[in-house]
Amino acid sequence: IERSYIVYLGAHSHGPEPSSDDLDQVTESHYEFLGSFLGSRDNAKEAIIYSYTRHINGFAATLQDHEAAQIANHPKVVSVFLNKGRKLH
Amino acid sequence: TTRSWHFLGLENDGIIPSNSIWKKARFGQDTIIGNLDTGVWPESASFSDEGMGPIPSRWRGICQNDKDAGFHCNRKLIGARYFHQGYAAAVGSLNSSFHTPRDTEGHGSHTLSTAGGNFVEGASVFGFGNGTAKGGSPKARVAAYKVCWPPVGGNECFDADILAAFDIAIHDGVDVLSASLGGLPTPFFNDSLSIGSFHAVKHGIVVVCSAGNSGPADGTVSNISPWQFTVGASTMDRQFPSYLVLGNKKRLEGGSLSPKALPPNKFFPLISAADAKAANASADDALLCKAGTLDHSKVKGKILVCLRGENARVDKGQQAALAGAVGMVLANNELTGNEVIADPHVLPASHINFTDGVAVFTYLNSTKSPIAYITPSTTELGTKPAPFMAAFSSKGPNTITPEILKPDITAPGVSVIAAYTEAQGPTNQDFDKRRVLFNSVSGTSMSCPHVSGIVGLLKTLHPDWSPAAIRSAMMTTARTMDNSMEAILNASYFKATPFSYGAGHVRPNRAMNPGLVYDLNVNDYLNFLCALGYNQTLIKMFSERPYTCPKPISLTNFNYPSITVPKLHGSITVTRTLKNVGPPGTYKARIRKPTGISVSVKPDSLKFNKIGEEKTFSLTLQAERAGAARDYVFGELIWSDAKHFVRSPIVVKAA
């Protein structure tokens, strides 16, 4: 089943004031990382919904459940969880 | 809001005393409060920039109005963004109405104006609750991060968008983030709010979250991470009574904000919704006044009695009106007890408590031709007891980390009047074509921004205090007494516990001068995660610095302002460190011991000579052989120099 997931990678190695090049590099690293599971950088680029580049390191992407499970086992990954809905209180 | 700040002691009948935190903290001047919610209605007077100076130069946010030229920011509303890709992934394609931070729901405008809205005179809901609407930090700058959209499967705000908003809000430079949303209690790193809050707190941002509206059942509290500031909801000293007069002359006090009234003193037939069920409906569904369950011919011209539960309270009013009722009585079930909420119903209505509901059903069942009358609503101030805990307010224990008491605190969250969208009627139902500038809404969503507003004041007053110090100041100065000087009750009129109110009801004026605080830094949070069993390699990934788990490590020594021991085997000694943020002084410990547990403090006196000085003490809890508590019991520890009272709840359960 294909669903949207969040892949949380922790914090960034760039400093608190990243340049636009730094941010581009983060996004590129997300493409490369996810691409290694989806077969290509282009597949990853298509799957990614958000690339979190500033303070939170991670991305949201549309993935098949087995892909999400594979990614969760990677040592660079803190957690992988479904893009669930929350309620207003 | 038009009453809650009076109730919290910031003003007295419109006069702001010189010792009010508002004056001391310059009304939150130039603190930046961000809100993760449904966006903002920028035209609201609560967000006018009249009298505001230039936008702080440190602000890096934007006004994302490239696809909605009608949306504008100003020197008060300094930023607005929207995040919908995560929502789109869940629902499919989006139309053009999703390309704007404009609040078409009302919730976001209400919460943001409660936290940081201007003073606006003449605010009311159909004339009720009339007064000057005020935000907690009225001179603060505000920014809206729209992450919530029309509901899908009962959910409005998606993790991917929430995380994106946190990432950008930290970058933009907010000082406080208010998040009146959440889900089921979830492990820390599978929860966007928890992850986002962690990164925000790392940058010195205080993240205030609502506890949830899943009460009164135990273990329902959400937003349970120790770096979040979690807020329950309670009442204030204002009610909107609307009396139900039965044919047997019984007069029952209910509540309503309906602008419509029945003809004076004219009685109408009274019918239980179960007896007015449509042919194809069940009596249970009809009793709840669900859509399509009522028979028009049985309801027409009568006052309909509906039971609270499942569908929205205001929807029941609409269903009653659609079926031809002239009025509605909304009766509480046992769970919701005495919690009466005044809603802006579309027909004359009275929401009554459980006991009175039983009386109404007894009258209905014992009378051949029952009749009743509903009096017009009024505004009543200074009501007692207040506060009491709302039945809906989610409760502890914390199901993920029972060693951390949640919620942390309670604040006004029932019948709060604040700014609203003009894109929706006050009941948020399609049928409601009325429009209001201010609306009365209830929920932990409403209590959360009260705390955010107070945090904004403390940020202005004490810019050097950490998020944990600010939370500690507010928690240790909170009170557990109501305005009758009795213990705070819950909506069923039983004594509430820290599982409902955490440290107690917030007292802003006291919070600015707490004397001592239980401080925490990022390393403490990492140690906490280590103690929970997160491995060091994983922790390093979000620590941004080299990190080694300390040995030995203990969860119970985490320097939280509340003390919770969920499995007491024999005895345990917990340590805490207090930091002086006030004048030099000697503080002595006082204990109110939990039943069946003996408590001792060492040392029981702490002398502080200067600001920033830290002193550590230990607290030993021991189950007394006879009567050791098998269920949770509650006590408190108070450090006092006779001027400051630094109070921590103690929550213990013997294993």
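Numbered from 1 within each chain, the chains take letters A, B, ... in sequence-line order.
Only the side chain of K202(B) comes within contact range of chain A, with at least one heavy atom under 4.5 Å from a heavy atom of that chain. Heavy atoms of T111(B) lying under 4.5 Å from chain A are absent altogether. When heavy atoms are compared at a cutoff of 4.5 Å, N223(B) approaches chain A solely by way of its side chain, counted from C-beta outward. With a 4.5 Å cut-off on non-hydrogen atoms, R545(B) does not touch chain A at all. For H171(B), the parts lying under 4.5 angstrom from a heavy atom of chain A are both the backbone and the side chain. Only the backbone of A211(B) comes within less than 4.5 Å of a heavy atom in chain A; its side chain stays farther off. In this structure, no portion of P18(A) lies under 4.5 Å from any heavy atom of chain B. At a 4.5 Å heavy-atom cutoff, the contact between I6(A) and chain B is made by side-chain atoms alone. For chain A, no part of F392(B) is nearby; none of its heavy atoms comes within less than 4.5 Å. Interface remark: T186(B) contributes side-chain atoms only to the contact with chain A (heavy atom separation under 4.5 Å).
Among D167(B), L181(B), N155(B), the residue with the largest count of heavy-atom pairs under 4.5 Å with chain A is D167(B). Heavy-atom pairs under 4.5 Å with chain A were tallied for T537(B), I168(B), D161(B), L193(B); the largest tally goes to D161(B). The choice from A164(B), A89(B), S214(B) that makes the most heavy-atom pairs within less than 4.5 Å of chain A is A164(B). Taking A160(B), P187(B), S445(B), G443(B) one by one and counting their heavy-atom pairs under 4.5 Å with chain A, the maximum is reached by A160(B). Highest contact tally toward chain A, considering only V147(B), N213(B), N190(B), is held by N190(B) [criterion: heavy-atom pairs under 4.5 Å]. Per-residue counts of heavy-atom pairs under 4.5 Å with chain A were compared for I539(B), L163(B), L538(B); the largest is that of L163(B).
Residues passing the salt bridge (charged side-chain N to carboxylate O under 4.0 Å, His left out) test with D22(A): none are found, sequence neighbours excluded.
Distance OG/S79(A) to CE/M541(B): 9.0 Å, rounded to 0.5 Å. Here H89(A) contributes atom NE2 and S393(B) contributes atom OG; the two are 10.0 Å apart, rounded to the nearest 0.5 Å. Rounding to the nearest 0.5 Å gives a distance of 12.0 Å between OH of Y8(A) and OG of S192(B). Atom OG of S4(A) is separated from atom CD of Q85(B) by 11.5 Å, given to the nearest 0.5 angstrom. Rounded to the nearest 0.5 angstrom, L184(B) CG and K84(A) NZ are separated by 9.0 Å. Separation of atoms CH2 (W149(B)) and CG (L88(A)) is listed at 12.0 Å; rounding is to 0.5 Å.
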K87(A) and E156(B): side-chain contact (heavy atoms from CB on, under 4.5 Å), yes or no, with the steps? CA-CA 6 Å; K87(A) 284 181 198 300; E156(B) 297 103 336; 4.0 Å; yes
Take F189(B) and V80(A) through the side-chain contact (heavy atoms from CB on, under 4.5 Å) test and state the conclusion after the steps. CA-CA 9 Å; F189(B) 294 106; V80(A) 176; over 6 Å; no
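Contacts with chain B (heavy atom to heavy atom, under 4.5 Å) involve these residues of residues 37-69 of chain A, listed by number: I49(A), Y50(A), Y52(A), T53(A), R54(A), H55(A), I56(A), A60(A).
In plain terms, the two heavy atoms of R86(A) and I162(B) that are nearest each other are CG-CD1, 3.7 Å.
The shortest side-chain heavy-atom distance between F158(B) and L82(A) does not fall under the 4.5 Å cut-off.
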